[in-house]
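So the structure is just underneath, and the comments pick up after that.
One-based numbering, in listed order, for ligands and for the atoms of each. Positions are given from 1 along the sequence.
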Amino acid sequence: MCLNSMKNNLKDISLYIHIPFCVRKCLYCDFLSFPMSEEKKESYVDILLKEFEMWERTLSHHREIFKTVFIGGGTPTCLKPELLRTIGERIKRHISSETEFTIEVNPGTLTDEHIEVFKDIGVNRISLGLQSAQNTELQRLGRIHSYEDFENNYKKLRAAGFTNINVDIMSDIPGQSPQSYKDTLQKVLELEPEHISAYSLIIEPGTPFFDMYENGELDIADEDTDRDMYAMTKSLLAKKGYNRYEISNYSKKGRECIHNIVYWNGGDYLGVGLGASSYVNGMRFAAPADFDEYEKFVRENYLKKSKELTEIASNLEESEVLTEDKKIEEFMFLGLRLTEGIYINVFRERFGKDIFEVYPDAIRKHIEEGLLVHDREKGRIYFSDIGLDLSNYVLSDFIIG
Ligand code: SF4
């Protein structure tokens, strides 16, 4: 599929639902997720559905069907199956057979009842968080599952008829060798998932790993090992027919994650749930990340039935109407993540300007350095292989002002 044909138009909107619960916190994780009581999870879903209804009332009639739906977290399968069913039933009227509907699953939490619910509510894509096929590495990361749990879940999902599965894997895990990483890649490839997300570990402030790192207790990969693993990912996945369509994402033909492409193309999406971000009509906003604040925000606005989306969103602490310059910057930063790059005519249609006039120096400089490529035939600008590796350096020149 040509990713350019998936560029959003203003009629498209996607939905993200955040489930901020996990069995326990992984040692490297800085996502908004916590272990929580069943009672709290039930009351959270109740508030979340009120929030959904609040935004739903503000969406205009031509936006009834979501282009994509993504239930992520956290660990959505930390919710009892019937709670996921309640969410699915509530959003069902906004889903068509065309909607890509993904749910994140963490091994060790998936039950047969969850799988039944997925099928009933229209889930057609699964994203499984494996990270590593080595149980010692999984333990080191603080994951709750073994490789065998993952494989068992994967096979059950396949047997249940899911034909679009992503597997998340991680490099630069403390103590991981190129050989053990290669073994993870090979084990995953034997299963033939449609999509693989391959990220390297980032040590985030505020996590136990950060403190361990500061105390010199983490055996992390040196630059050469990191480079070896990076190169191994590219070559092994390419050999098996996976197309690298984004810096860290690989898929079989036509199995790119449409939901993420909406983000990277600067498309509209509504985020529902604790701390969830949205981008609608040039406005970026995020729900409070504190449970009490979140509940207060929803309860206050849920009752005010006549409000417009922008009016509600502007009450949020995190809300911003993007300036034209900011929109252009984001378009460049996100669009260049895609290996297909940015189409010059799409830029012109969206901003009414010529990309070479907006960025006369940056584009020329990085083309001369061999980091960007101007494909005149297709009218696009994209990262060369080396450019992808040095993307942060290149992108820093696309900040306006
Ligand atoms: S399962 Fe994912 S979201 Fe939950 S703690 Fe681990 S890394 Fe974070």
Side-chain angles (χ1 to χ4, degrees), residues 16-38 40-41 44-45 48 70-80 83-84 87 102-111 114 118 125-154 157 165-176 184 188 193 195-213 218 220 248-249 257 259-260 263 271-277 286-287 289-291 294:
Y16 173 76
I17 296 179
H18 189 64
I19 307 299
F21 307 118
C22 284
V23 175
R24 73 160 187 245
K25 209 68 189 149
C26 299
L27 297 172
Y28 59 95
C29 178
D30 75 335
F31 297 144
L32 196 59
S33 69
F34 323 87
M36 204 54 77
S37 68
E38 290 305 319
K40 185 82 185 172
K41 289 177 193 167
Y44 176 76
V45 170
L48 181 138
F70 196 107
I71 304 184
T75 304
T77 38
C78 248
L79 292 183
K80 285 184 181 155
L83 282 179
L84 283 174
I87 296 172
T102 306
I103 190 160
E104 280 182 342
V105 170
N106 275 314
T109 56
L110 183 72
T111 63
H114 282 117
F118 296 169
R125 185 173 183 275
I126 307 283
S127 182
L128 262 169
L130 166 64
Q131 316 312 343
S132 169
Q134 319 304 328
N135 288 336
T136 46
E137 289 171 11
L138 292 173
Q139 282 164 12
R140 215 168 290 140
L141 291 169
R143 305 282 300 178
I144 61 159
H145 59 89
S146 64
Y147 174 72
E148 292 70 28
D149 292 331
F150 158 80
E151 201 177 283
N152 169 289
N153 285 180
Y154 184 93
L157 288 160
I165 298 183
N166 166 61
V167 178
D168 287 340
I169 56 170
M170 190 183 272
S171 58
D172 292 355
I173 296 171
Q176 186 181 42
T184 292
V188 170
H195 191 286
I196 295 174
S197 294
Y199 289 92
S200 49
L201 173 72
I202 303 206
I203 312 275
E204 300 284 2
T207 62
F209 263 16
F210 189 80
D211 297 337
M212 291 161 80
Y213 176 70
L218 273 193
I220 54 162
S248 308
N249 285 280
C257 174
H259 188 82
N260 282 339
Y263 292 156
V272 179
L274 190 77
S277 305
D290 170 88
F291 275 105
Y294 171 62

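Under a 4.0 Å criterion applied to the non-hydrogen atoms of F31, ligand 1 contributes the atoms 3 (S), 8 (Fe). For ligand 1 and N106, the ligand atoms under 4.0 Å from any heavy atom of the residue are 1 (S). Listed by number with element, the atoms of ligand 1 under 4.0 angstrom from any heavy atom of C22 are 1 (S), 3 (S), 4 (Fe), 5 (S). Every atom of ligand 1 is numbered from 1 in the order shown, and the set under 4.0 Å from a heavy atom of C29 is 3 (S), 5 (S), 7 (S), 8 (Fe). The Y28 neighbourhood of ligand 1 comprises atoms 7 (S), with distances under 4.0 Å to a heavy atom of that residue.
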Show your reasoning for whether side chain to side chain contact (heavy atoms under 4.5 Å, CB included) applies to L48 and V272. CA-CA 7 Å; L48 181 138; V272 179; 3.9 Å; yes

side-chain hydrogen bond (donor to acceptor under 3.5 Å, both in side chains) for R143 and Y28? Distances and angles first, verdict last. CA-CA 10 Å; R143 305 282 300 178; Y28 59 95; 3.0 Å; yes

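Residue contacts with ligand 1 for R24 involve N, CA, C or O but no side-chain atom from C-beta outward (heavy atoms, distance under 4.0 Å).
The aromatic rings of Y213 and F210 lie tilted to each other, with the angle between the two planes from 30° to 60°. In this structure, F291 and F34 have tilted ring planes: the angle between them lies in the 30° to 60° band.
Looking from atom 2 (Fe) of ligand 1 to the surrounding protein, the closest heavy atom is R143 NH1, 4.0 Å.
Among all heavy-atom pairs drawn from L32 and L274, the shortest one is CD2-O, 3.4 Å.
Ion pair R140/E137 not flagged as a salt bridge, since none of the NZ, NE, NH1 or NH2 atoms sits closer than 4.0 Å to an Asp/Glu carboxylate oxygen.
Few gaps surround OH on Y199; more than 12 heavy atoms of other groups in view lie less than 6.0 Å from it.
Look at G129 and you'll find every heavy atom at least 4.0 Å from all atoms of ligand 1.
Among G72, G108, C26, G142, the residue whose heavy atom lies nearest to atom 5 (S) of ligand 1 is C26.
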